[in-house]
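Notes follow once the structure below has been shown.
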Amino acid sequence: MTTRVGILISGGGSNMVALARDMTGDHPGRARLVISNDPGAGGLLKANALKIPTAVVDHRDFPGNREEFEAALHAILEEARIEVVALAGFMRILTPAFTARWAGRMVNIHPSLLPKYRGLHTHQRALDAGEVEHGCTVHEVTADLDDGPILGQARMAVRPGDTAQMLADRLLPLEHQLYPQVLRRFLAGNRAPLMLDAV
Ligand code: GAR
């Protein structure tokens with residue numbers, strides 16, 4: 001029996017594709033559902049192409065009501081009998097009630113070397129701070145934003161003249177390497193941090 005994985009996206013979905021493509025053969029999981037909070041998310045078309053069922057829960061249909069938005073999300077995840085949730089560029093902040101429901105069963109990828117630069121604009125903030133290295137982190141999702149136990153990190157050098165966009169472009173392929181490896185280990189019960197070094 002493989003674990004039923006649901007992937008939550010908001011945008012292009014390149015991490016979702018990397019995860020879904022890896023979930024074949026002896027992988028302990030399978031991508032069973034992709035949900036976006038944005039009906040225009042490019043990742044939905046990519047999920048269709050991969051023949052993964054999709055759903056949209058548009059947060060704009062729940063103005064000022066995060067609980068109802070999350071109740072709708074949760075209902076769809078339950079309906080599809082999802083066991084583990086992977087956030088992959090999902091840009092909504094989740095309430096403690098939702099993270100508690102998925103405690104130990106929800107992971108996220110964040111474009112910084114946590115605990116540095118939680119939240120948004122991570123590449124620019126790393127540049128502004130004069131960092132010589134940057135990277136991404138996969139972590140368990142807890143009530144506090146970008147703060148759960150670290151499951152893996154990939155690091156890379158910041159080069160002279162780098163812009164935020166250059167960092168983002170160079171980091172994304174590392175995200176695609178890290179996240180599938182970490183999810184594979186996580187589903188197999190291995191939560192020891194995996195460290196990839198591209199410096
Ligand atoms: C990725 O860089 C991911 O780390 C980041 O959004 C991008 C999504 O790209 N996630 C966050 O910033 C979460 N706070 P993708 O849609 O192509 O996977």
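Everything numeric in this text was worked out from a predicted model, so none of it was measured. Read the numbers this way: they start at 1 and go in the same order the structure lists the ligands and their atoms. This chain uses plain numbering: 1 for the first residue, then up along the sequence.
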The option among G42, G11, G13, A168 carrying the non-hydrogen atom nearest to atom 16 (O) of ligand 1 is G13

With atoms numbered from 1 as shown, which atoms in ligand 1 lie under 4.0 angstrom from a non-hydrogen atom of E175?
-> 1 (C), 2 (O), 3 (C), 4 (O)

Between the side chains of E67 and T95, does any donor sit under 3.5 Å from an acceptor?
-> no

Going by distance only, is there an N or O of N108 that falls short of 3.5 Å from an N or O of ligand 1?
-> no

Aromatic plane relationship, F98 with H74 - under 30° parallel, 30 to 60° tilted, over 60° perpendicular | perpendicular

Within the 4.0 Å heavy-atom cut-off, what L87 brings close to ligand 1 is neither

Full working for salt bridge (charged side-chain N to carboxylate O under 4.0 Å, His left out) between E131 and K116 = CA-CA 11 Å; E131 298 286 358; K116 288 183 170 178; 3.1 Å; yes

If we number the atoms of ligand 1 from 1 as shown, the ones under 4.0 Å from a heavy atom of L172 are 2 (O)

H27 and T2 side chains, donor-acceptor separation under 3.5 Å | no

No-hydrogen, no-angle side-chain donor-acceptor test under 3.5 Å, H123 and H134 = yes

Quick one: nearest non-hydrogen protein atom to atom 13 (C) of ligand 1, plus distance?
-> M91 SD, 3.7 Å

I9 touching ligand 1 at heavy-atom level, < 4.0 angstrom | no

Please check if any side-chain donor atom of E83 sits under 3.5 Å from a side-chain acceptor atom of T3, or the reverse.
-> no

Have T142 and D147 got a donor and an acceptor in their side chains that come within less than 3.5 Å?
-> no

Residue, atom and distance of the protein heavy atom nearest atom 12 (O) of ligand 1 read P111 CD, 3.4 Å

Under a heavy-atom criterion of less than 4.0 Å, does G43 contact ligand 1?
-> no

Are the charged groups of D144 and R118 less than 4.0 angstrom apart, N to O?
-> no

Relative to atom 6 (O) of ligand 1, which among A18, S14, A41, G89 owns the nearest non-hydrogen atom?
-> G89

Name the closest protein heavy atom to atom 14 (N) of ligand 1, giving the residue it belongs to and the distance to 0.1 Å.
-> H110 ND1, 3.8 Å

